[in-house]
Structure formats: C-alpha cells, structure tokens
2 protein chains.
Amino acid sequence: MKVLTIGQLAKKAQVNIETIRYYERRGLIPEPPRRDSGYRQYSAEHVAYIQFIQRAKTLGFSLKEISELLSLRVNPRTTCGDVKQRAEAKIADMEEKIQILESFKAALQRLVTACRGRGPTSECPILEAMNSQD
Amino acid sequence: MKVLTIGQLAKKAQVNIETIRYYERRGLIPEPPRRDSGYRQYSAEHVAYIQFIQRAKTLGFSLKEISELLSLRVNPRTTCGDVKQRAEAKIADMEEKIQILESFKAALQRLVTACRGRGPTSECPILEAMNSQD
DNA sequence: ATAAACACTGTACCTAAGTACAGAGTCAAG
DNA sequence: CTTGACTCTGTACTTAGGTACAGTGTTTAT
C-alpha cells in the first residue's frame, strides 16, 4: 500500500496542508505513523477521512459533530446499545436535514415554474413558497 | 397585523437580539419600519425570515448563500432567464446535499444493523460503510 | 554534494458569524 | 411620575475553523 506525504495527501484530498495538521490536533483523524525524520506517512484511509470531513462540513455538521460520527463504533469500551442509540440519533438528524432540503428545493422549483409567468414576483418568493408548504 | 418589538421577535424565532440586528446590517432581512422613538417594528414576515435563515444555516449554507437564496425573485431588474438559471443551480446544490446525506444515513444504518453482531467493529465503520457505497 | 522543494513545531494571524457591553434614550405598570 | 425593563447606536470581544509564517531539519534530483 503506497504511503503519502502530507503534501501529497493535501493535494489528493484538496485541502490545505495546515488543515490536515489542524484536524490531527483536534483528534479528527488518527495520527499517522512517522518515519525516522518525523515526516508523517499517510495511507489511502486518510484520504477517505479528509473527504468525509469535507463532505460533512458542507452539510452543516461542526467538527465536534463530525468527530462524534467518526468515533461511532462498537468496541470493548462502548456497549452496543449505546452505539445504536447514538447512531439512531444521527440518523434522525440527517432525516430532518433531508426534509428541510426537500422543502427548500420544492420552493425553488415553484419559483422556477412561476418564472414562465408575467410581471415581477412578490417580495420574497422563497419565503412565500416555504410558508405555503409547512 | 400585530407588530413585534425586537425582543419579542428574538423570543419567537429563538435567536439573540444582537443576531437580528446583525442580519439587518448584513442585509439579510428587510429593514423594518420604526416608530418615532426609533424602535423597530417587526411583523410575522420577519419571524419567517429568521427561521428560514436558521434552517438554512443548519444545512451548511453560509450567510452569503442564504442572502442569494432570499434575493431570488423575478423583478424589473432581473431577467426571468437569469433567475431561472440561478434557482436551478441552487436546486442542484440541494440535490447534491441530499445525495450525500442519504449515503451517510445508509452508512449509519448499516452500522446499526451490524450492531446486532458480535465483537468490536473495525477502526472506522462509517468510513468503511461510505466506501462500500461510492 | 548541493540546491530546491518539502516537512516539522510553535505561535500568530485571519474570516465568518455572532455576542457583549457602554452610555443614552423610551415604555409601561403601579 | 417614577422605576425597572426595553431599545438604540457604536464599538469591542469571542468562538470555530482554519491559514500563514519563522526558524530549522530532511529529501531528492541533478
């Protein structure tokens, strides 16, 4: 398995080198092994970590929440029931976000449709479209 | 239509008073009328604005993006085609977010299912679950 | 075997999005 | 008609999430 320097990882995952070291400090990604010189040695797994973090960020999760997501696992220190409960809470969070996104999307679609219409639309069609739904 | 003071609006929309003034300064919400004393007079519409902003924030939209969403409308200054194009771009954004959320959710669901399993799960089941999908 | 390109640590700086006063004026309940 | 709770503006502070050096050591391509 090929190893990557921090610079190569940064390029692959499209982030700043400093961001990687920052995530490491925050405990978001596992500390990679080092060579004798102290240089970090990353693997493909780390690319996946960084990409996961970036995606989760675009969805509005904070680094703290992302860290919780990443640490969800069944191991000798956590009971299965506990993990299950936390995971289900996260699933519920995500479902709520999906719901809101769907309603925003529907509002925008109504706006696009209304576009074929004549004159100017109201003060704030998005808000109006939102209200006409929930 | 009942008017609200800034304090009442803050309570209804569950935000800090300063946040409301901040949004006004940023041009995210329309400037409300004032009484002679200078006190702001809000209406129900403003509650909707604030709530929209809060929801959009939880979905990872920046205030700049939210401002773009709020200003999407057909009026004498914008051509219909322009609005349509911008709205469709936003719809695509939202669809992408929904996709990612669905994949995260599926990963968590696989974790919950695996929970009925025996021993400890792997280093990072979420990542693994993500990879086993895309 | 040496220069250019990297990496290391530590500390300082930056941006977005608030949040908190200070000092002064306003409202409303008793 | 006053007093406690609000509100106003303006400016300063805070927190999260990076980003940028400075000074020093390491690789690697020639």
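The figures that follow rest on heavy atoms only: side chains count, while hydrogens, waters and symmetry mates do not. Numbers restart at 1 for each chain; the letters A, B, ... are given by sequence-line order, proteins then strands.
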CD (Glu68(B)) with more than 12 external heavy atoms under 6.0 Å: yes

State whether Asp82(B) and Arg86(B) are salt-bridged, where the test is any N-O pair (Lys NZ or Arg NE/NH1/NH2 against Asp/Glu carboxylate O) under 4.0 Å. yes

Cation-pi check, Lys97(B) to Phe61(B): give yes when NZ or CZ is under 6.0 Å from the six-membered ring centre and within 45° of the ring axis, no otherwise. yes

Opening and closing nucleotides of DNA chain C in contact with chain A, under 4.0 Å to non-hydrogen atoms: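 Using the under 4.0 Å cut-off, the span is dC6(C) to dT9(C).
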
Is there a side-chain polar atom (N or O) of Thr5(B) under 4.0 Å from OP1 or OP2 of dT7(D)?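 Yes, such a contact exists.
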
Of all heavy-atom pairs between [X] and [Y], which one has the smallest distance, and what is that distance?
| X | Y | result |
| --- | --- | --- |
| Thr5(A) | Arg35(A) | CG2-NH2, 4.5 Å |
| Gly7(A) | Ile17(A) | CA-CD1, 3.9 Å |
| Ile50(B) | Ala13(B) | CG2-CB, 3.5 Å |

Within the side chain of Glu65(A), is there an N or O that forms a donor-acceptor pair under 3.5 Å with the backbone of Ser62(A)?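 Yes; at least one donor-acceptor contact below 3.5 Å.
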
Using residues 23-32 of chain A as the side-chain source, report each donor-acceptor pair under 3.5 Å to any protein atom, sequence neighbours left out, with the distance given to one decimal.
{"from": "Tyr23(A)", "atom 1": "OH", "to": "Gln54(A)", "atom 2": "NE2", "distance (Å)": "3.0"}
{"from": "Glu24(A)", "atom 1": "OE1", "to": "Arg40(A)", "atom 2": "NE", "distance (Å)": "2.8"}
{"from": "Arg26(A)", "atom 1": "NH1", "to": "Tyr22(A)", "atom 2": "OH", "distance (Å)": "3.4"}

Roughly how many Å is it from CG in Leu9(B) to P in dC8(D), rounded to a whole number? 11 Å

Can you give one letter per nucleotide of nucleotides 14-26 of chain D, going 5' to 3': B for a protein heavy atom under 4.0 Å from the base, S for sugar-phosphate only, - for none? ---BBBBB---BB

